[in-house]
Amino acid sequence: MIANAFDYTAPQSLDEALTLIGNGAKPLSGGMSLIPMMKLRLASPEHLVDLGRLKELSYIREQDGELHIGAAITYYELESSTLLLGKCPLIAETATHIGDIQVRNMGTLGGSVAHADPAADYPATLQALEAKIVLRSATGARTLSTKDFFLDTFTTALEPGEIVAEIIVPIEPGLTGTSYQKFRQPASGFAMVGIAARIRQQAGTLSLIRIGVTGLSGSSYRATNVEAALEGKQPTEENIRAASALVGDGVDASADLHASADYRQHLATIYTAKAIRAALSRSA
Amino acid sequence: MTKQIISVTINGARQTHEVEPRLLLIHYLRETLGLTGAHIGCETSLCGACTVELNGKAIKSCSMFAVQANGAEILTIEGLASADGKLHPMQEAFWNEHALQCGFCTPGMIMVSKQLVERNPHPTDVEIREGLDGNLCRCTGYQHIVNAVRAAAKAGA
Ligand SMILES: Cc1cc2nc3c(=O)[nH]c(=O)nc-3n(C[C@H](O)[C@H](O)[C@H](O)COP(=O)(O)OP(=O)(O)OC[C@H]3O[C@@H](n4cnc5c(N)ncnc54)[C@H](O)[C@@H]3O)c2cc1C
Ligand code: FES
Ligand code: FES
């Protein structure tokens, strides 16, 4: 399996990369989605610009009360970051659900976000965290919410010439509980359904609840109806079940040889409740 | 399209070659350098037979272009034993625990197991199985491989 011929540049700086990408070159990060597609000749870019080795995109830092993660940070760097494990454990935990050791050594947060695979794990987590996605081009930068960024299957708000440069996630106050729960497709390991939950409690009621969903349909989303059904309520088993049943309401569930639309909806309900319970057990 | 000169340190020896950007790292290792220890099982990033270490990280060399490795240090199964022929403790454990039958998956299994134990020196059986998630074996049923990794960890591999 040999890709079509292409030119390759390992740029010395982000500016050089952005200029080349502005001229039509395609970004390469971990290559864990792009290279398999190139080998199958589903993708045949003429010029690859390797962002994966750019130091300027490889950092995790705390700044102005938030966590800034460079696009080229790998899953292994996320899962092993003491800063993230301490201040935003959900983003570290999600990495452990992806692929295998070798894939996590190469695959990047920026690549996953840009690729927007409907069964990818990070989109659910970033939805629940209300992350901000920083896009850069040779001519400027803009910052989008996950809602404005993830549009559809493999479709994002990225314009030609733009890259995902940084992901910004909140520092979670000690009382927030989070969890990512995934039903793996047994052969590929991708999410049939993946649910990220983020919860805060106050005096026995839920003061904050955010639910991010992946795998169920063509794009990740925030299940605002589940959130609305639980916010201000007591997290009783009955309330959790009733709210979780709303997760796929009005959603055009995907069907394929692994799962029918009904079965995916069923999984989404079960895994939403699971994620909420797990997040609750971690929120003081 | 334009060929490029890459320079890579493989099992301690510096190698410099002109390659096409589309040349996969596994083909560079096997065909350009004659290092046939890393195998091609699936060539689709699923079986792990092609696993080698790149700058200390286990990667699937069928899913990386050789040009991406320019400047890197690579360790393959051929470089794992010491110069006097003494096997690496992980190799030793695979030998002792009969962790192979046909041996096709073994180079990849050993490379990923080495990484697993480096990162988690006292893995549980569940953690071992999770760590081997990206590597397929069609012969052993995995049990003896898990035994080997456990034994190597105990021996401080
Ligand atoms: C065996 C295997 C198992 C996997 N299992 C899972 C899983 O369980 N869950 C999961 O979520 N994923 C899984 N993946 C996919 C993996 O997460 C990929 O790493 C990810 O989808 C893409 O990230 P990357 O860094 O490898 O990007 P690449 O493959 O390099 O790029 C992907 C796409 O994004 C573009 N791109 C890359 N970086 C940027 C950027 N910064 N800005 C703009 N565009 C960019 C590229 O041009 C390309 O179109 C698996 C992959 C493999 C091979
Ligand atoms: S040959 Fe590389 S993963 Fe199978
Ligand atoms: S020993 Fe034959 S494939 Fe593993």
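Note that the structure is a prediction, hence the values are computed from the model and not measured. Naming convention: chains lettered A, B, ... in sequence-line order (proteins, then strands); numbering from 1 in each chain.
With a threshold of 4.5 angstrom between heavy atoms, A:Leu34 does not approach chain B through any atom at all. In this structure, the portions of B:Thr2 lying under 4.5 Å from any heavy atom of chain A include both its backbone and its side chain. Residue A:Asp50 touches chain B through its side chain alone, counting heavy-atom pairs closer than 4.5 Å. For chain A, the nearby parts of B:Met64 are the backbone and the side chain; heavy atoms of each come within less than 4.5 Å. Of the atoms belonging to B:Cys42, it is backbone heavy atoms, and not side-chain ones, that fall under 4.5 Å from chain A. Neither the backbone nor the side chain of B:Glu130 comes within less than 4.5 Å of any heavy atom of chain A. Contacts of A:Ala5 with chain B are made by both backbone and side-chain atoms, with heavy-atom separations under 4.5 Å.
Across B:Ile40, B:Leu24, B:Thr44, a single residue satisfies side-chain contact (heavy atoms from CB on, under 4.5 Å) together with A:Met1, and that is B:Thr44.
Between the side chains of A:Asn105 and B:Gln115, at least one donor N or O lies within less than 3.5 Å of an accepting N or O.
For the set B:Leu23, B:Leu46, B:Asn70, the entry with the most heavy-atom pairs within less than 4.5 Å of chain A is B:Asn70.
For the pair A:Met38 and B:Phe65, the tightest heavy-atom approach, listed with the atom from each and the gap, is CE-CZ, 3.9 Å. Taking each heavy atom of B:Gly134 and A:Asp100 in turn, the nearest pair found is CA-OD2, 3.2 Å. Closest non-hydrogen pair, A:Arg53 versus B:Val67, comes out as NH2-O, 4.0 Å.
Considering CG of B:Leu132 and CD1 of A:Ile101, their distance stands at 7.5 Å, rounded to 0.5 Å. The distance from the OH atom of A:Tyr8 to the CD atom of B:Gln4 is 7.5 Å, given to the nearest 0.5 Å. Taken from CG in A:Leu28 to CD in B:Gln68, the straight-line distance is 5.0 Å, to the nearest 0.5 Å.
Cation-pi geometry between B:Arg119 and A:Tyr76 is met: the NZ or CZ atom falls under 6.0 Å from the ring centre, inside 45° of the normal.
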Assess whether side chain to side chain contact (heavy atoms under 4.5 Å, CB included) is satisfied between A:Met32 and B:Ser45, documenting all intermediate values. CA-CA 8 Å; A:Met32 291 296 97; B:Ser45 75; 5.7 Å; no
Take B:Asn135 and A:Gln102, measure what side chain to side chain donor-acceptor pair (under 3.5 Å) needs, and give me the verdict at the end. CA-CA 9 Å; B:Asn135 291 64; A:Gln102 297 96 314; 2.8 Å; yes
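In this structure, the side chain of B:Lys57 does not engage the main chain of A:Arg104 through any donor-acceptor pair within 3.5 Å.
Counted within 6.0 Å of CD on B:Gln143, heavy atoms from surrounding residues, nucleotides or ligands total more than 12; the atom is thus considered enclosed. Enclosure of atom CD in B:Glu18 by more than 12 non-hydrogen atoms of other residues, nucleotides or ligands within 6.0 angstrom is indicated.
A salt bridge links B:Asp133 and A:Arg184; the closest N-O separation between the charged side-chain nitrogens and carboxylate oxygens is under 4.0 Å.
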